[in-house]
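Notes for the one structure printed next.
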Amino acid sequence: MSDFPYRVALIVGAGPGVSASVARKLAALGVKVALAARNTGKLDALCAETGAVAFGADSSDAQSVAALFDAVEARLGAPDVVIFNAGARLRGAITELDPDMVEKAIAIGAFGGFLVAQQAARRMVPRGGGAILFTGATASVKGFPLSAAFAMSKFALRGLAQSAARELGPKGVHVAHFVIDGAVRGPGRDDLPGRPDSFLDPDAIAQAYVDVLLQPRSAWSFEVELRPWVETF
């Protein structure tokens, strides 16, 4: 029997990369894992590998998120770890961006974070425990050219995380925000010659998430920045 302090995890915005690595790490620790995405077909192989269960959901829709939590609770039990990985990258000049697309990107990556955190908190606060982890990016702390929509979304998500940590921490819920500062290794992203480990390893990121979940409440982290050793910041 694992002594890992959590039993049911929900990863919202699941896919390959960081989400998949976190799912594998948690499943190996004996955690029942729920994966939520708009397109659940892309999760079939990961579910077969880890025993995770996939659920369809739209993080920007309040009814969809509420139904997701009800479905996970009915199938696996109330999640005591919730990880928000959803986001929508939208690049373009401010003068050329489609306002409807910008609104959609913010709804998925920021408003969605609020909806997920709200449902998680409603279940965790009465129990006096749980963890909510938010996945941020370089854009959480720096707004780059041609990245206004993504920056707005990630800045808002970081603000939500700060507010939630201050509100929910004293109620026993560990809230943490991760700044993923750099490109994550994956298909088409191989380390350059002479620059080993120049991309973030998704398995190493997942281990950092697990390490934070293992922290005693006398020394909780709120924000963790992760970047390759060669990254300029």
Within-4.5 Å side-chain heavy-atom neighbours: I132 and V173: yes
Going by atom type alone, with no hydrogens or angles, which donor-acceptor pairs under 3.5 Å involve a side-chain atom of residues 84-92 and a protein atom two or more places apart or on another chain?
residue: N85; atom: OD1; partner: T135; partner atom: OG1; Å: 2.2
residue: N85; atom: ND2; partner: S19; partner atom: OG; Å: 2.7

Under the side chain to side chain contact (heavy atoms under 4.5 Å, CB included) rule, what do L133 and V82 come out as? Steps first, then yes or no, please. CA-CA 6 Å; L133 309 184; V82 173; over 6 Å; no
Steps toward side chain to side chain contact (heavy atoms under 4.5 Å, CB included) verdict (D197, D201): CA-CA 8 Å; D197 299 321; D201 181 348; over 6 Å; no
Is there a side-chain contact between V81 and I83 in this structure, where contact means two heavy atoms from C-beta onward sitting under 4.5 Å apart? yes
Ring pair (Phe, Tyr, Trp, His ring centres under 6.0 Å) pairs touching residues 183-219, sequence neighbours excluded, are F178-Y209
Please lay out, stage by stage, how L213 and L26 fare under the test side chain to side chain contact (heavy atoms under 4.5 Å, CB included). CA-CA 10 Å; L213 290 172; L26 293 176; 4.2 Å; yes
Got a second to check how far L157's CG is from Q162's CD, nearest 0.5 Å? 10.5 Å
L68 vs V72 side-chain heavy atoms within contact, under 4.5 Å: yes
Please name the pair of heavy atoms, one in A36 and one in A57, separated by the smallest distance, quoted to 0.1 Å. CB-CB, 4.4 Å
What pairs of residues pass the salt bridge (charged side-chain N to carboxylate O under 4.0 Å, His left out) test when at least one of them lies in residues 137-163, not counting sequence neighbours? R158-E223
I want to check something: taking the side chain as every heavy atom from C-beta on, are R7 and V31 in contact at a cut-off of under 4.5 Å? no
Would you name the heavy atoms of T138 and G182 that are closest together and state the gap between them? OG1-N, 3.6 Å
Qualifying salt bridge (charged side-chain N to carboxylate O under 4.0 Å, His left out) pairs, either residue in residues 169-181, two or more places apart: D181-R227
Only pairs under 3.5 Å count here: list side-chain donor-acceptor contacts from residues 106-127, not counting sequence neighbours, and write none if there are none.
residue: Q119; atom: OE1; partner: R123; partner atom: NH1; Å: 2.8
residue: R123; atom: NE; partner: E73; partner atom: OE1; Å: 3.1
residue: R123; atom: NH1; partner: Q119; partner atom: O; Å: 3.1
residue: R123; atom: NH2; partner: D70; partner atom: OD1; Å: 2.9
residue: R127; atom: NH1; partner: R123; partner atom: O; Å: 3.0
residue: R127; atom: NH2; partner: P79; partner atom: O; Å: 3.4

Using modelled atom types only, decide if a donor and an acceptor are shared between the side chain of E225 and the backbone of I180 within a distance under 3.5 Å. no
Are S163 and L160 close enough that some pair of their side-chain heavy atoms sits under 4.5 Å apart? no
Under the side-chain hydrogen bond (donor to acceptor under 3.5 Å, both in side chains) test, residues paired with Q207 that sit two or more places apart: K25, D211
By ring-ring contact (aromatic ring centres under 6.0 Å, His included), which residues pair with H177, not counting sequence neighbours? none
Considering non-hydrogen atoms only, spot the tightest contact between I94 and A148 and give its length. CG1-CB, 4.1 Å
Listed partners of D203 passing side-chain hydrogen bond (donor to acceptor under 3.5 Å, both in side chains), at least two apart: S21
Nearest heavy-atom approach of G143 to A151 is CA-CB, 3.9 Å
With the side chain counted from C-beta on, respond yes when V53 and R75 share a heavy-atom pair under 4.5 Å apart, and no when they do not. yes
Any pair counted as salt bridge (charged side-chain N to carboxylate O under 4.0 Å, His left out), so long as it reaches residues 93-104, sequence neighbours left out: none
Tell me the ring pair (Phe, Tyr, Trp, His ring centres under 6.0 Å) pairs involving residues 210-233, sequence neighbours left out? H174-W220
Among residues at least two apart in sequence or on other chains, which ones pass side-chain contact (heavy atoms from CB on, under 4.5 Å) with A52? V33, L35, C47, T50
Test L29 against Y6 for side chain to side chain contact (heavy atoms under 4.5 Å, CB included), laying out the working first. CA-CA 9 Å; L29 289 166; Y6 301 100; over 6 Å; no
Rounding to 0.5 Å, atoms CD1 (I11) and CG (L46) come to a distance of 8.0 Å
Can you name the residues that form a side-chain hydrogen bond (donor to acceptor under 3.5 Å, both in side chains) with D58, not counting sequence neighbours? R38, S60
